[in-house]
S.K.: 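Below is the structure I would like to discuss, written out as structure tokens.
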Amino acid sequence: MDALDQRLLDEFQRDFGLTPRPYADIGARLGLDEAEVIDRLRRLTGAGAIRRIGPVFRPNRVGASTLAALAVPPDRLEEIAAVVGGYAEVNHNYAREHHLNLWFVVTAPDAGRVGEVLEEIARSTGLTPLDLPLERDFHVDLGFRLWN
């Protein structure tokens, strides 16, 4: 990963341009052409540095979502995180220092599919997800600077 890759990851986590050619606009800021930006993003996605490029909508404005948590035995954390992260409906999961040590968000076209995903995770892991549906929303910016 070179300095341009790092800038791509750091500078375009948010405020992705809503323009007819956003990759060309990013390239203009980085001194690259549109194709180079797309190639770099494909490579970074293939390497696992990027999970997805897409919009983030306020919870439950489009489709349905819920926050969920699992109490995972520490020696199974990576295994279970891979199972949970394997669902297209899970856009991220993360470890926390708590009895409930694996947290994730399930987003689906409707509440029925959200429930199905939680049930499938329960069956495939043997662990019961704690379902924490949204009652009141707070905005937390999840874009973090990756390099100094």
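Here the structure is a predicted model, which means the values were calculated and not measured.
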S.K.: Let me know which of N93, L70, L132 forms a side-chain contact (heavy atoms from CB on, under 4.5 Å) with W103.
M.R.: L132
S.K.: What's the spacing between L118 CG and R113 CZ if we round to 0.5 Å?
M.R.: 10.0 Å
S.K.: What residues form a ring-ring contact (aromatic ring centres under 6.0 Å, His included) with Y23, not counting sequence neighbours?
M.R.: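 Partners of Y23 by the ring-ring contact (aromatic ring centres under 6.0 Å, His included) criterion, ordered by chain and then number, come out as F16.
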S.K.: For residues P129 and A122, report the shortest heavy-atom separation together with the two atoms involved.
M.R.: CD-CB, 3.7 Å
S.K.: First locate atom CD of E135, then atom CG of D137, and finally report the distance between them rounded to the nearest 0.5 Å.
M.R.: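 Between E135 CD and D137 CG, I get 12.0 Å after rounding to 0.5 Å.
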S.K.: Of L127, T128, V84, which meets side-chain contact (heavy atoms from CB on, under 4.5 Å) against I121?
M.R.: V84
S.K.: Please find the pair of heavy atoms, one from R7 and one from R29, that lie closest to each other, and give the distance.
M.R.: NH2-O, 3.7 Å
S.K.: Which heavy atom in A69 sits nearest to a heavy atom in L100, and how many Å separate them?
M.R.: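 Looking at all heavy atoms of both residues, the closest pair is CB-CB, 4.0 Å.
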S.K.: Between E36 and D33, is there a donor-acceptor pair closer than 3.5 Å when you use the side chain of the first and the backbone of the second?
M.R.: yes
S.K.: Walk me through whether F12 and D25 qualify under side chain to side chain contact (heavy atoms under 4.5 Å, CB included).
M.R.: CA-CA 11 Å; F12 301 98; D25 296 341; over 6 Å; no
S.K.: With rounding to the nearest 0.5 Å, note down the distance linking CD1 in I38 to CD1 in I53.
M.R.: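 Result: 9.5 Å between the selected atoms.
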S.K.: Please report the interatomic distance OH(Y94) to CG(N101), rounded to the nearest 0.5 Å.
M.R.: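 Between atom OH of Y94 and atom CG of N101 there are 12.0 Å.
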S.K.: What heavy-atom pair brings M1 and D5 nearest, and what distance separates the two atoms?
M.R.: CG-CB, 3.3 Å
S.K.: Under a 4.0 Å threshold between the charged nitrogen and the carboxylate oxygen, would R123 count as salt-bridged to E116?
M.R.: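 No salt bridge links E116 with R123.
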S.K.: Just one of V114, L134, V105, T107 clears the side-chain contact (heavy atoms from CB on, under 4.5 Å) bar with T66, so which one?
M.R.: V114
S.K.: I need the N91 CG to S65 OG distance, nearest 0.5 Å.
M.R.: 9.0 Å
S.K.: Are L4 and L41 co-members of a hydrophobic cluster defined by side-chain heavy atoms under 4.5 Å apart?
M.R.: yes
S.K.: Are Y87 and L77 connected into the same hydrophobic cluster when the rule is that any two of I, L, V, M, F, W, Y join if their side-chain heavy atoms are below 4.5 Å apart?
M.R.: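 Same cluster: L77 reaches Y87 through Ile, Leu, Val, Met, Phe, Trp or Tyr contacts under 4.5 Å.
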S.K.: May I ask you to say whether D2 pairs ionically with R40, meaning some side-chain N is under 4.0 Å from a carboxylate O?
M.R.: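 Yes.
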S.K.: How close do D131 and P133 get, heavy atom to heavy atom, and via which atoms?
M.R.: O-CD, 3.3 Å
S.K.: Measuring from atom CZ of R76 to atom CD of E78, what distance do you get when rounded to the nearest 0.5 angstrom?
M.R.: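 One finds 13.0 Å between CZ of R76 and CD of E78.
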S.K.: Minimum heavy-atom separation for E34 and A24, please, with both atom names.
M.R.: CG-N, 3.7 Å
S.K.: Count the heavy atoms of every other residue, nucleotide or ligand shown that sit under 6.0 Å from CZ of R43, and state whether that count exceeds 12.
M.R.: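 More than 12 within 6.0 Å, yes.
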